[in-house]
Asker: 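Dropping the structure in here first, questions after.
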Amino acid sequence: MATAGKVALITGASAGIGKASAVALLEAGWRVVFTGRRLELMEKAIAAAGVGPDRAIAVASDVGDPASVKALFAKTVAAFGRLDMLFNNAGQGAPAMPIEDLPFDKWKAVIDTNLTGVFLCTQEAFRLMKAQAPRGGRIINNGSISAHVPRPQAVAYTASKHGVTGLTKTIALDGRPFDIVACQIDIGNAATEMTDRMTKGVLQPDGELMVEARMDVKHVASAIVYMANLPLDANVHTMTIMAPKMPFVGRG
Ligand SMILES: NC(=O)c1ccc[n+]([C@@H]2O[C@H](COP(=O)([O-])OP(=O)(O)OC[C@H]3O[C@@H](n4cnc5c(N)ncnc54)[C@H](OP(=O)(O)O)[C@@H]3O)[C@@H](O)[C@H]2O)c1
């Protein structure tokens, strides 16, 4: 297999999109570092995949904490010696509320994870990918439909995801001389813990609550495997993958 032995690091791999993608990459022959704050969930996922430490490890980390990210990359190198693909996937939202009511700590938690976390992991990945032989690698950032348009009362999440688009474009440009390739996946309504609330109704711009369509997370995982498996002279720069009946196209 062309990709056998390549090394991927997935942030937010304890649940949802990150876990599904990490397991799909393992099935495609990659060696995978699972990271997130909940170690037991990642260890369970690796045990369920039936692979040993030569194929997958779980590392507890908080992507918003520089020391934690440094330790994560040191453990990745110690285990597998290099990094071919980083999926910056860890993310969280804040409860919907008017801008003027959003507590600073809620704003900060979202920005620390969704934006600073992508920056910190990318910084470590650049250091590693520039220095390793063969040089280079791929960085996939998890944006969102919220990287394009906001939901009502979601200032922190929307701002963070618009910021992710800026990081993706910067990585694509600054990575060129070093064979570091950037991609962004913008997902709409994959069925995960984060979107479970959509089955009860999501706040719409007209003030109504609407139950929204979702799609199986496995389709996101197979998109990640496709993007990851491309050679470094080909790239999906951006992909929008969404439940086609969710409100986005058609201004609502
Ligand atoms: N589901 C969707 O429809 C959708 C749509 C657009 C974008 N996205 C994006 O996709 C990504 C994954 O979302 P999901 O739906 O899979 O959500 P999820 O099921 O809630 O999973 C979120 C993951 O992020 C991890 N995480 C959160 N804060 C972290 C931190 N500070 N440090 C390290 N890990 C952290 C969580 O792990 P721990 O709690 O163990 O740390 C968990 O593994 C997010 O970036 C989200 O914005 C999702």
Side-chain angles (χ1 to χ4, degrees), residues 1-13 17-18 21-22 24-26 28-36 42 53-59 61-91 113-143 163-185 221 223-239:
M1 190 180 303
T3 55
K6 282 194 177 177
V7 180
L9 192 164
I10 317 298
T11 71
I17 291 162
S21 302
L25 284 160
L26 269 179
W30 287 69
R31 292 181 285 167
V32 180
V33 180
F34 289 58
T35 193
M42 298 184 291
D54 57 322
R55 292 290 315 286
I57 59 166
V59 180
S61 76
D62 182 333
V63 293
D65 172 7
S68 184
V69 170
K70 253 197 186 322
L72 164 67
F73 277 77
K75 283 179 189 157
T76 299
V77 173
F80 296 132
R82 61 179 286 113
L83 181 65
D84 297 289
M85 196 279 276
L86 165 66
F87 182 23
N88 279 315
N89 165 76
T113 299
N114 298 9
L115 189 59
T116 306
V118 176
F119 164 70
L120 292 172
C121 291
T122 296
Q123 200 172 42
E124 290 300 323
F126 257 66
R127 291 180 179 132
L128 185 49
M129 287 173 176
K130 276 168 86 165
Q132 67 191 6
R135 192 177 69 168
R138 174 171 268 108
I139 298 177
I140 305 178
N141 288 337
N142 199 332
V164 167
T165 300
L167 285 172
T168 304
K169 290 177 179 172
T170 300
I171 297 163
L173 189 60
D174 291 356
R176 272 185 201 166
F178 312 106
D179 302 310
I180 298 171
V181 173
C183 326
Q184 184 160 319
I185 186 160
I224 293 298
V225 172
Y226 172 73
M227 291 160 100
N229 274 342
L230 286 172
L232 292 179
D233 59 2
N235 191 35
V236 177
H237 179 66
T238 60
M239 176 187 283

Asker: Which atom names give the shortest non-hydrogen contact between Ala24 and Ala221, and what distance separates them?
Answerer: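 Residues Ala24 and Ala221, closest heavy atoms: CB-CB, 4.0 Å.
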
Asker: Mark yes or no for whether Arg31, through its side chain, and Val7, through its backbone, hold a donor-acceptor pair below 3.5 Å.
Answerer: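 No; judged by distance alone, with no hydrogens or angles, the pair does not exist.
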
Asker: Between CE of Met85 and CG of Leu25, what distance do you get to the nearest 0.5 Å?
Answerer: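 Rounded to the nearest 0.5 Å, the CE-CG separation comes out at 4.5 Å.
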
Asker: Can you check whether Cys183 reaches Asn235 side chain to side chain, under 4.5 Å on heavy atoms?
Answerer: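 Yes, side chains in contact.
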
Asker: To the nearest 0.5 Å, what is the distance between CG (Leu83) and SG (Cys121)?
Answerer: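 Answer for the CG-SG pair, Leu83 versus Cys121, is 10.0 Å.
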
Asker: Quick one: closest heavy-atom pair of Gly163 and Leu115, and the distance?
Answerer: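 Minimum heavy-atom separation between Gly163 and Leu115: C-CD1, 3.5 Å.
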
Asker: Compare every heavy atom of Ala13 with every heavy atom of Ala22, then report the nearest pair and how far apart it is.
Answerer: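 Nearest heavy atoms, Ala22 then Ala13: CB-CB, 4.4 Å.
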
Asker: Between Arg82 and Val77, is there a donor-acceptor pair closer than 3.5 Å when you use the side chain of the first and the backbone of the second?
Answerer: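 Looks like no, no N/O pair under 3.5 Å.
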
Asker: Quick one: which of Val236, Leu86, Leu230 gives a side chain to side chain contact (heavy atoms under 4.5 Å, CB included) with Arg138?
Answerer: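 With Arg138 as partner, Val236, Leu86, Leu230 yield a single side chain to side chain contact (heavy atoms under 4.5 Å, CB included), made by Leu230.
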
Asker: Once rounded to the nearest 0.5 Å, what's the spacing between atom OG1 of Thr168 and atom CD1 of Ile139?
Answerer: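 Answer for the OG1-CD1 pair, Thr168 versus Ile139, is 9.5 Å.
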
Asker: Phe34 versus Leu26: any side-chain heavy-atom pair under 4.5 Å?
Answerer: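 A side-chain contact under 4.5 Å exists here.
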
Asker: Calculate, to the nearest 0.5 Å, the distance between atoms CG and CG belonging to Asp84 and Leu9 respectively.
Answerer: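 Spacing of CG (Asp84) from CG (Leu9) equals 11.5 Å.
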
Asker: Could you walk me through whether Val59 and Thr76 satisfy the side-chain contact (heavy atoms from CB on, under 4.5 Å) test, starting with their C-alpha distance in whole Å, then the side-chain angles of each, then the deciding distance to 0.1 Å, before giving a yes or no?
Answerer: CA-CA 9 Å; Val59 180; Thr76 299; 5.6 Å; no

Asker: Which atoms form the tightest heavy-atom contact between Ile57 and Ala79, and what is the distance?
Answerer: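 That closest heavy-atom pairing would be CD1-CB, 3.6 Å.
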
Asker: Can you confirm whether Gln123 sits close enough to Pro66 that some side-chain heavy atom of one is under 4.5 Å from a side-chain heavy atom of the other?
Answerer: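 No, too far: nothing below the 4.5 Å cut-off.
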
Asker: Just one of Thr11, Asn142, Thr35 clears the side chain to side chain donor-acceptor pair (under 3.5 Å) bar with Asn89, so which one?
Answerer: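 Output: one option passes, namely Asn142.
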
Asker: Quick one: do Val63 and Leu120 satisfy side-chain contact (heavy atoms from CB on, under 4.5 Å)? Show the steps, please.
Answerer: CA-CA 7 Å; Val63 293; Leu120 292 172; over 6 Å; no

Asker: Which one of Val118, Leu167, Ile140 satisfies the side chain to side chain contact (heavy atoms under 4.5 Å, CB included) criterion with Asn88?
Answerer: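 Output: one option passes, namely Val118.
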
Asker: To the nearest 0.5 Å, what is the distance between CE (Met129) and CG (Asp179)?
Answerer: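 Output value for this atom pair is 11.0 Å.
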
Asker: Give me the atom names and distance for the closest heavy-atom approach of Pro177 to Arg135.
Answerer: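 Smallest heavy-atom distance, with atoms named: O-NH2, 3.1 Å.
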
Asker: Could you grab the distance from atom OG1 of Thr122 to atom CG of Asn141, nearest 0.5 Å is fine?
Answerer: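 One finds 5.5 Å between OG1 of Thr122 and CG of Asn141.
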
Asker: Could you walk me through whether Ile17 and Phe87 pass side-chain contact (heavy atoms from CB on, under 4.5 Å), step by step?
Answerer: CA-CA 11 Å; Ile17 291 162; Phe87 182 23; 4.1 Å; yes

Asker: Might you point out which heavy atoms bring Ile185 and Ala223 nearest each other, and give the distance in Å?
Answerer: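 So the minimum-distance heavy-atom pair works out to CD1-CB, 4.1 Å.
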
